[in-house]
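Since this is a predicted model, take the numbers as computed values, not measurements. As the structure lists them, so they are numbered: ligands from 1, and atoms in each ligand from 1.
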Amino acid sequence: MAGGAGIAEPARETQPAPPPSLAIRLRHWRNRQIGSPGFRRLMARLPVARWIANRKANHLFRLTAGFVHSQILGSCVRLDLFGLLADGGQTTGALAQACGLDPARLRLLLEQAERLALVREMAPDFWMLDDAGAVIAGDAGLAAMIRHHDIFYRDLGDLDGLLRGTAGDTELARFWAYARGGDAAGLDTAAVAPYSSLMRLSQAMIADCVLGAHDFSRYRCLLDIGGGDGAFLAEAGGAHPALELRLFDLPAVAERAQQHLAEQGLAGRSRVQGGDFVQTPLPNDSDCVTLIRILCDHDDDRARRILGNLHRSLKPGTHLVVAEAMAGPSEGARLAASYFSLYFLAMGSGRCRGTGDIMALLTEAGFQAPRIVQTANPLLATLIVARR
Ligand SMILES: CC(C)=CCC/C(C)=C/CC/C(C)=C/C=C/C(C)=C/C=C/C=C(C)/C=C/C=C(C)/C=C/C=C(C)/C=C/CC(C)(C)O
Ligand SMILES: C[S@@+](CC[C@H](N)C(=O)[O-])C[C@H]1O[C@@H](n2cnc3c(N)ncnc32)[C@H](O)[C@@H]1O
């Protein structure tokens, strides 16, 4: 699929089959060899070829076992094993008591977690975190996101139905209440609370990526559109003490943001406005505007309307920073695109776009000089910076 790796827009036409080029004929020949047990037996006898074959076999096994591995991870998070190990090592017995599990059963889980580089048995029955476990122990947002996957997995239980369009209402569509169409600005506190809390918790890593990749010290005033509870603004305000802070989100979310920014001592520096970013005129006293994890939530038509409203509202010269996971050639971007493409399919709205798709949307809306800014972690976000 050209450009983005997300849901094909409904009106997209399929291309006719290309003529059989040399590359296509070679690929066909290669696939027939690899698919043949005789060829694979031959490869297994040659040392270099065996090494390549084993890597391919491991890759395929990882795909096959992926669900099992995710369940091991999910169970460790639900039992809070990484939290329990955060301050140092623990014995199997102490962990079993804290988790309320039989020690032999917990050991079974710990052994698999060790095989997945989540924990390490440093001495018999004495466990410490391994690298991946240490990352999760240090990031409440990542643990919350792993817990949130319960909903996603239930929706994926009917992936065929999602692909055929027969799955009906999904749990993710209910969770992301604004993505279901209708009057998003009319959503009440109860409807926005679950997703806003998850977004606040999971913002820490994203904020690191965004603030590390683009210099916000050059701006006087930053407006975060769809800024949720104000977690990104608070991080930006902490990193740049002179920055004035503005936030725009749905009215029920704006109320939460007001409260969170006040709790962080930022009330004096910030102003929060509620409304609908598709149609409400947006505040235009900022010299930089951020759209963090916003465009990806919406199909192309709606993304165009959001950008159109932004372009109408903002003063010429205002900088616009779009930050979200984008499809691209790096391993991180490919992993993120395959994950988010199914996430948006289940959510019933949005798509994981490539950098080219987003730059084209920005240019179409009238923004100038869009450029790609890579972040430290393309799994989480890539930036496109442009000017009104
Ligand atoms: C000598 C020493 C101390 C060490 C030497 C060894 C060494 C150098 C180790 C490196 C250690 C290191 C720095 C590790 C770093 C690891 C990192 C940064 C890991 C990051 C992992 C991030 C993950 C797994 C992120 C997952 C994110 C997910 C699943 C996000 C989901 C988001 C969703 C569903 C968002 C929804 C919003 C919507 C709807 C899209 O708008
Ligand atoms: C995926 S969340 C991202 C929140 C935040 N930017 C972050 O990265 O943590 C999308 C945000 O867009 C807001 N939003 C959705 N539809 C909106 C609309 N029509 N007008 C204003 N805000 C909207 C949601 O309330 C939510 O806070």
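Put simply, part of F344 is less than 4.0 Å from ligand 1, judged by heavy atoms. Residue contacts with ligand 2: A231 is excluded, as none of its non-hydrogen atoms falls under 4.0 Å. In this structure, F232 has no heavy atom closer than 4.0 Å to ligand 2. Within the 4.0 Å heavy-atom cutoff, D139 does not count among the residues contacting ligand 1. Residue contact annotation: F152 has no non-hydrogen atom under 4.0 Å from ligand 1. Under the 4.0 angstrom criterion for non-hydrogen atoms, M199 is in contact with ligand 1.
A salt bridge does not link D287 to K315: none of the charged side-chain nitrogens sits closer than 4.0 Å to a carboxylate oxygen. Between D224 and R246 there is no salt bridge, since none of the side-chain N atoms of the basic residue sits less than 4.0 Å from a carboxylate O of the acidic one.
With a 4.0 Å heavy-atom cut-off, ligand 1 is reached by no atom of I146. Proximity of I294 to ligand 1, defined as any heavy-atom pair under 4.0 Å, is not found for any part of the residue. For W176, every heavy-atom contact with ligand 1 shorter than 4.0 Å involves the side chain, none the backbone.
Taking all heavy atoms of E324, M145, R293 into account, the minimum distance to atom 33 (C) of ligand 1 is reached by M145. Heavy-atom proximity to atom 27 (O) of ligand 2, evaluated over D249, I225, D229, is greatest for D249.
Note: F277 and H298 have perpendicular aromatic rings, judged against thresholds of 30 and 60 degrees for the angle between ring planes.
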